[in-house]
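Written below as structure tokens is the structure these notes are about.
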Amino acid sequence: MDGKVLQNFQKSFVQVQDILDQNRLLINEINQNHESKQADHLGRNIGLIREFNNNIRTVASLYGGLSHSLARSVDASPEGESTGTLRSDGKANNQKRFRCE
């Protein structure tokens with residue numbers, strides 16, 4: 001795999017992990033607010049839940065971009081390159097990829 005593609009993967013995975021860490025904090029705060037049963041805390045949860053949902057959309061978008069990048073890099077790989085996948089029994093399935101043009 002191309003070094004630039006690998007760097008993009010790493011960058012996106014770091015972004016995803018940061019967002020998921022932020023969501024963990026949001027969930028904790030939402031739960032604390034819910035348990036307090038105070039009107040102003042419960043009202044704050046509306047904004048926190050919106051932020052949480054936006055974060056999930058961002059993560060889905062990042063994963064979509066990763067999927068697209070991976071598909072492009074696989075399509076750009078030389079003809080006859082081994083895919084190196086595993087079969088369901090865990091053994092190597094060294095199929096050759098041939099692109100039809």
Side-chain angles (χ1 to χ4, degrees):
M1 204 179 300
D2 177 309
K4 185 176 180 181
V5 171
L6 198 55
Q7 281 181 331
N8 287 337
F9 275 176
Q10 184 176 15
K11 179 183 172 190
S12 292
F13 282 124
V14 167
Q15 286 177 301
V16 164
Q17 189 59 54
D18 288 345
I19 293 169
L20 294 176
D21 289 343
Q22 182 182 3
N23 274 2
R24 188 175 302 110
L25 296 174
L26 287 171
I27 290 169
N28 288 338
E29 186 174 349
I30 290 166
N31 286 336
Q32 289 171 357
N33 289 343
H34 181 74
E35 289 170 3
S36 77
K37 306 230 187 276
Q38 294 179 11
D40 58 330
H41 291 173
L42 294 173
R44 177 163 163 64
N45 276 357
I46 295 168
L48 295 174
I49 291 168
R50 282 189 182 127
E51 183 179 351
F52 179 88
N53 287 335
N54 286 334
N55 287 349
I56 293 299
R57 278 191 276 283
T58 302
V59 167
S61 176
L62 286 167
Y63 278 137
L66 284 170
S67 177
H68 182 72
S69 293
L70 180 60
R72 274 190 316 191
S73 70
V74 167
D75 286 343
S77 64
E79 286 185 285
E81 182 178 305
S82 174
T83 59
T85 58
L86 294 179
R87 297 187 314 219
S88 61
D89 62 3
K91 295 182 180 175
N93 187 17
N94 292 318
Q95 299 171 338
K96 299 288 182 180
R97 260 187 62 114
F98 294 96
R99 292 193 325 235
C100 298
E101 301 190 23

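In this chain, residues are counted from 1 in sequence order.
Judged by distance alone, with hydrogens and angles left aside, the side-chain atoms of Ser36 form a donor-acceptor pair with the main-chain N or O of Asn33 at under 3.5 Å. No donor-acceptor distance shorter than 3.5 angstrom exists from the side chain of Ser61 to the backbone of Arg57, with no hydrogens or angles considered.
The structure places CD1 of Ile19 at 9.0 Å from CD1 of Ile56, a figure rounded to the nearest 0.5 Å. Note that CD of Glu29 is 15.0 Å distant from CZ of Arg24, once rounded to the nearest 0.5 Å. Once rounded to the nearest 0.5 Å, the distance linking CD of Gln10 with CD of Gln15 reads 11.5 Å. Rounded to the nearest 0.5 angstrom, Ser69 OG and Lys4 NZ are separated by 10.0 Å. Taken to the nearest 0.5 Å, the CG atom of Leu26 stands 11.0 Å off from the CG atom of Leu20. One finds the CD1 atom of Ile30 at 7.0 Å from the CZ atom of Phe52 (value rounded to the nearest 0.5 Å).
Side-chain atoms of Asp21 and Gln17 form a donor-acceptor pair, as typed in the model, at a separation below 3.5 Å.
At a threshold of 4.5 Å between non-hydrogen side-chain atoms, the residues Gln32 and His41 do not count as touching. By the 4.5 Å heavy-atom criterion applied to side chains, Leu42 and Gln38 are not counted as neighbours.
With respect to Phe13, the side-chain contact (heavy atoms from CB on, under 4.5 Å) criterion is satisfied by exactly one of Leu66, Leu62, Asp18: Leu66.
Linking ILVMFWY residues whenever their side-chain heavy atoms come closer than 4.5 Å, directly or via other members, leaves Leu25 and Ile49 in distinct clusters.
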